[in-house]
Amino acid sequence: MEESRTIKEELLKIGLEVEEVVEAPYYECGVQAGMPTDYGNVAEGYYQIPASLFSEGVSYVVKVHGESMKDFDFREGDNLLVNVQYSAESGDIVIAMINGECTVKAYTRDMDGNRWLIPGNPAFSPILLNPDDENRIIGVVGKIIHDSPRMSYSDCMKAISKVKKDVSKKTYDDEDIARAIKGAMEMMEQRILKGSRPWFAVYRTFTDKGIVANGDYNGFYSIIERLMGDEMPRINIKDMRASLDIMSFAKPVSEWVIDKAPVPKSKFFDYKDVAIATANALANV
């Protein structure tokens with residue numbers, strides 16, 4: 001409690017209002033001998049909720065189990081804020097005890113006055129509340145609290161892979177490529193990089209983007225020559241590729257590793273910055 005008080009004080013200092021919370025009894029639903037004290041049960045713990053919700057009549061909290069109400073957006077593990085009521089209107093989502101077991105369903109009456117519990121999933125059948133059975137409504141659901149969702153690592157990687165594939169399929173026109181070349185040259189000038197070797201970073205970026213095929217150094221040179229014309233830099237392909245197309249530099253730029261680079265550590269980030277400048281110019285297409 002002391003920690004909560006400290007956090008609240010810090011939030012108030014920066015102008016954020018913090019609503020008071022209260023504790024509601026917490027029960028598991030979906031097991032025999034349900035929840036409230038009417039049935040001799042003891043709360044398994046207490047659940048903190050905003051005081052404003054509690055003032056609306058929330059009396060206890062139960063956890064959802066199963067998929068019988070999935071069409072109402074009730075998910076496994078959700079918490080339901082429940083108002084203690086022993087009667088309900090048609091359409092209410094209720095907590096009911098049937099022969100000592102707890103269930104969460106929609107409540108309604110038919111034209112003959114029969115009472116039914118309706119699931120929110122066509123795979124489950126409605127339940128007729130037989131007057132001869134021991135059954136009773138013990139609460140009406142007021143609100144649902146969903147647990148914070150998480151995305152699996154594999155799903156994250158699939159999404160990233162799709163984007164990378166889409167990017168790799170992108171086509172670039174001469175104007176795009178010329179802008180990328182000039183961006184690389186500006187970075188080389190900033191880093192005071194001279195000679196042919198820094199152009200390897202441009203070549204590797206172009207292979208990553210599918211502008212030239214991996215290993216097609218002559219094709220790379222031809223593109224630079226055609227687009228730069230009179231501004232064509234002096235590039236010696238043999239010098240450019242000498243001792244560079246190895247180790248991590250033989251891989252996409254995203255996989256370059258300083259400890260596995262064929263250049264001094266002092267030059268690694270210069271080459272990486274040239275590659276990034278080239279890629280950024282293409283990304284702004």
Side-chain angles (χ1 to χ4, degrees), residues 146-285:
H146 294 304
D147 286 341
S148 177
R150 288 184 60 81
M151 189 174 189
S152 70
Y153 179 78
S154 61
D155 287 341
C156 291
M157 291 303 101
K158 287 178 183 177
I160 293 171
S161 176
K162 183 179 184 302
V163 171
K164 287 183 176 179
K165 287 180 180 178
D166 290 343
V167 170
S168 66
K169 293 176 182 178
K170 183 175 178 61
T171 57
Y172 301 93
D173 59 26
D174 286 353
E175 184 179 348
D176 303 330
I177 299 171
R179 182 169 51 251
I181 294 169
K182 290 179 180 179
M185 293 175 68
E186 290 173 1
M187 181 57 67
M188 291 181 200
E189 186 176 348
Q190 290 179 29
R191 295 289 185 268
I192 315 178
L193 300 173
K194 300 182 182 300
S196 301
R197 287 168 66 84
W199 282 91
F200 182 85
V202 183
Y203 157 77
R204 180 55 68 201
T205 304
F206 279 13
T207 63
D208 290 350
K209 301 297 184 181
I211 296 172
V212 295
N214 190 29
D216 187 7
Y217 291 97
N218 291 329
F220 171 72
Y221 183 89
S222 296
I223 289 174
I224 305 294
E225 183 179 40
R226 177 170 58 83
L227 296 180
M228 299 307 294
D230 294 339
E231 299 179 44
M232 173 68 181
R234 296 182 63 181
I235 303 175
N236 184 301
I237 293 296
K238 185 177 180 180
D239 289 343
M240 185 193 79
R241 65 179 296 186
S243 304
L244 286 179
D245 200 358
I246 59 174
M247 302 172 70
S248 68
F249 273 33
K251 300 178 181 180
V253 175
S254 61
E255 298 180 34
W256 285 8
V257 180
I258 190 169
D259 293 331
K260 296 181 180 180
V263 296
K265 291 185 178 180
S266 60
K267 289 293 184 183
F268 174 83
F269 292 107
D270 289 337
Y271 282 63
K272 191 73 177 282
D273 285 345
V274 172
I276 291 172
T278 307
N280 285 346
L282 291 170
N284 291 329
V285 173

*asked:* Tell me whether Tyr221 contacts the main-chain N or O of Asn236 through its side chain, where contact means a donor paired with an acceptor under 3.5 Å.
replied: no

*asked:* Looking at every heavy atom in both Asp239 and Arg197, which two are closest together, and how far apart are they?
replied: O-CG, 3.3 Å

*Measuring from Ile224:CD1 to Ile177:CD1, what's the distance to the nearest 0.5 Å?*
8.5 Å

*Indicate yes or no for a side-chain donor-acceptor contact from Asp208 to the backbone of Val253 under 3.5 Å, with no hydrogens or angles considered.*
yes

*Distance, nearest 0.5 Å, that separates CZ of Arg179 from CG of Asp173*: 7.5 Å

*Check the pair Val274, Ile276 against side chain to side chain contact (heavy atoms under 4.5 Å, CB included), reporting the backbone distance first and the verdict last.*
CA-CA 5 Å; Val274 172; Ile276 291 172; over 6 Å; no

Scan the side chains in residues 265-273 for donor-acceptor partners under 3.5 Å anywhere in the protein, sequence neighbours excluded, and list what turns up.
| residue | atom | partner | partner atom | Å |
| --- | --- | --- | --- | --- |
| Asp273 | OD2 | Arg191 | NE | 3.1 |
| Asp273 | OD2 | Arg191 | NH2 | 2.7 |

*Do Val257 and Lys251 come within less than 4.5 Å of each other through their side chains, counting heavy atoms only?*
no

*Provide the closest heavy-atom pair for Ala180 versus Ala281 in the form atom of the first, atom of the second, distance.*
CA-CB, 3.5 Å

*asked:* For the CD atom of Glu225 and the CE atom of Met232, what is their distance to the nearest 0.5 Å?
replied: 5.5 Å

*What distance do Thr207 atom OG1 and Tyr217 atom OH have between them, rounded to the nearest 0.5 Å?*
8.5 Å

*asked:* Within the 3.5 Å criterion, strictly below it, is a donor on Asn214 or Tyr203 matched to an acceptor on the partner's side chain?
replied: yes

*Might you point out which heavy atoms bring Gly183 and Ala277 nearest each other, and give the distance in Å?*
O-CB, 3.9 Å

*Any idea which heavy atoms bring Ser248 and Glu255 closest together, and the distance?*
CB-O, 3.8 Å

*Any chance you could measure Leu227, atom CG, to Asp176, atom CG, to the nearest 0.5 Å?*
10.5 Å

*Report yes or no: does Thr278 contribute a side-chain atom to a donor-acceptor pair with the main-chain N or O of Val202 at less than 3.5 Å?*
no

*asked:* Take a 6.0 Å sphere around CD of Glu231 and say whether it holds more than 12 heavy atoms from other residues, nucleotides or ligands.
replied: no

*Atom NZ of Lys182 and atom CE of Met185: how far apart are they, to the nearest 0.5 Å?*
9.0 Å

*Compare all side-chain heavy atoms of Leu193 with those of Trp199 and state whether any distance is below 4.5 angstrom.*
no

_Arg204 side chain vs Ala275 backbone, donor-acceptor pair below 3.5 Å_ = no

